[in-house]
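Remarks on the structure that follows.
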Amino acid sequence: MTAEMVAPAWMHTQISAEQYASWSEEQCAGIEIVDGMVVVSPTASKRHNRLARILANALDAAAGPDWNADTDFDVRLQDVPPTNRRPDVTVYRAETIHLTHTRPEHVLLVVEVVSPGSETTDRIVKVDQYAEAGIPFYWRIEQAATGIPIVCTYVLDPATKAYGDGEVFTGAVKASVPFFITVDLGVI
C-alpha cells in the first residue's frame, strides 16, 4: 500500500483559507497548513504532550487576566496562501479568545517541544515563520536524555524580523516578558 493510496485527495492539492475554515475540528487535528498545502504533523509522545500541558498550565497561571496560555490550536500566520501553524503552547491576548483565527498580533509567545519527527521544522522552519510574522518571543524545548528539559529562549528583533538568542535554561523556565515566571519542570 502506498502513501498516495492512504492519504485523502485533499492532501495533494492547494487549499484556500475558506476551504480550511469549512473543515471539522477532527479534520484539522494533527495538521498544519503551509503555503496552502496540508502538512501532517507526527503524533506526539505522551512525554511531549505532558511537557506542553505542564508548561501551558504554568504560563496560564502566571499570565494574569490579560493573557491566556493554551495548547493545540492554530495560529494563522498568513491568509494567502494560508499558513496555519499549531505551536505546542501559545500565549495570546485574553480578549481575543472569541476570535475565529488567532493571528500573530494576538500572540506574545509560541513554544515548540522538539520531537524526533519535528526537529528540522521546530529548529529552522517555524522559527523563521514566527519571526517573519512578528511574534515577540519563541521558546524551543529540547527533551534531553536525562529527562530534564532544556529550554532555549529567543527574542524578536522587530527591525530585522529575526530572533536573537535569549537565555538557555535546564529544568527551570524564566523569561523577560510582561509576566515573570519560574517554572520547575522537573523530570518529565
TODO: Output yes when Arg85 and Asp122 qualify as a salt bridge under the 4.0 Å nitrogen-oxygen rule, no when they do not.
DONE: no

Task: Inter-residue atom distance Thr121.OG1 - Lys126.NZ, 0.5 Å rounding - done: 6.5 Å

Task: Working for side chain to side chain contact (heavy atoms under 4.5 Å, CB included), residues Phe169 and Ile150 - done: CA-CA 6 Å; Phe169 301 93; Ile150 299 166; over 6 Å; no

TODO: Go through the steps for Ile141 and Val111 under the test side chain to side chain contact (heavy atoms under 4.5 Å, CB included), then give the verdict.
DONE: CA-CA 7 Å; Ile141 301 182; Val111 180; 3.7 Å; yes

Open item on the list: Checking side-chain polar atoms at under 3.5 Å, does Tyr163 have a donor or acceptor matched by the opposite partner on Asp128?
Closed with: no

Task: Side-chain heavy-atom pair Pro104, Leu77 within 4.5 angstrom cut-off - done: yes

Task: Polar side-chain atom of Gln129 near backbone of Glu132 as donor-acceptor pair, under 3.5 Å - done: no

- [ ] Please confirm whether the backbone N or O of Leu99 pairs with a side-chain atom of Thr96, one donor and one acceptor, at under 3.5 Å?
- [x] no

Open item on the list: Can you confirm whether Leu55 sits close enough to Trp139 that some side-chain heavy atom of one is under 4.5 Å from a side-chain heavy atom of the other?
Closed with: yes

- [ ] Looking only at non-hydrogen atoms, find the nearest pair between Leu51 and Val113 and report the distance.
- [x] CD2-CG1, 3.9 Å

Task: Gap between atom OH of Tyr20 and atom OG1 of Thr83 - 0.5 Å precision - done: 11.0 Å

- [ ] Indicate yes or no: does Arg93 engage Asp66 in a salt bridge with an N to O separation below 4.0 Å.
- [x] no

Task: Spacing of CG belonging to Leu109 relative to CG belonging to Leu59, to within rounding of 0.5 Å - done: 6.0 Å

- [ ] State yes or no: do Val110 and Val114 share one hydrophobic cluster built from I, L, V, M, F, W and Y residues joined by side-chain heavy-atom distances below 4.5 Å, directly or via other members?
- [x] no

Open item on the list: Let me confirm one number: the CD1-CZ distance from Ile124 to Arg140, rounded to the nearest 0.5 Å.
Closed with: 9.5 Å

Task: Contact check, side chains of Asp60 and Asn68, non-hydrogen atoms, under 4.5 Å - done: yes

TODO: Give the ring-plane orientation class for Tyr138 versus Tyr154, where under 30° counts as parallel, over 60° as perpendicular and anything between as tilted.
DONE: tilted

- [ ] Check Ala162 against Ala131 and note the closest heavy-atom contact, atom names and distance.
- [x] CA-CB, 4.1 Å

Open item on the list: For Val75, is there any backbone N or O sitting under 3.5 Å from a side-chain donor or acceptor partner on Thr102?
Closed with: no

Open item on the list: Check for me whether the distance between the ring centres of Tyr130 and Phe137 falls short of 6.0 Å.
Closed with: no

TODO: Answer with yes or no whether the hydrophobic clustering places Val127 together with Val151; edges join I, L, V, M, F, W, Y residues whose side-chain heavy atoms lie under 4.5 Å apart.
DONE: no

- [ ] Hey, could you give me the CG/NE2 distance between Leu108 and His106, rounded to the nearest 0.5 Å?
- [x] 13.0 Å

Task: Nearest atoms (heavy-atom pairs only) where Ala56 meets Ala69 - done: O-CB, 3.4 Å

Task: Steps toward salt bridge (Lys or Arg N to Asp or Glu O under 4.0 Å) verdict (Arg103, Asp79) - done: CA-CA 10 Å; Arg103 304 223 179 243; Asp79 287 322; 3.0 Å; yes

Task: Check against salt bridge (Lys or Arg N to Asp or Glu O under 4.0 Å), Arg123 and Glu142 - done: CA-CA 10 Å; Arg123 291 184 182 139; Glu142 303 281 344; 2.6 Å; yes

Task: Flag, side chain of Gln19 to backbone of Ser16, donor-acceptor distance under 3.5 Å - done: yes

Task: From OG1 (Thr90) to CG (Asp72), nearest 0.5 Å - done: 9.5 Å

TODO: Provide the closest heavy-atom pair for His48 versus Asp88 in the form atom of the first, atom of the second, distance.
DONE: CE1-OD1, 3.0 Å

Task: N/O donor-acceptor pair under 3.5 Å between Asp74 side chain and Arg76 backbone - done: no

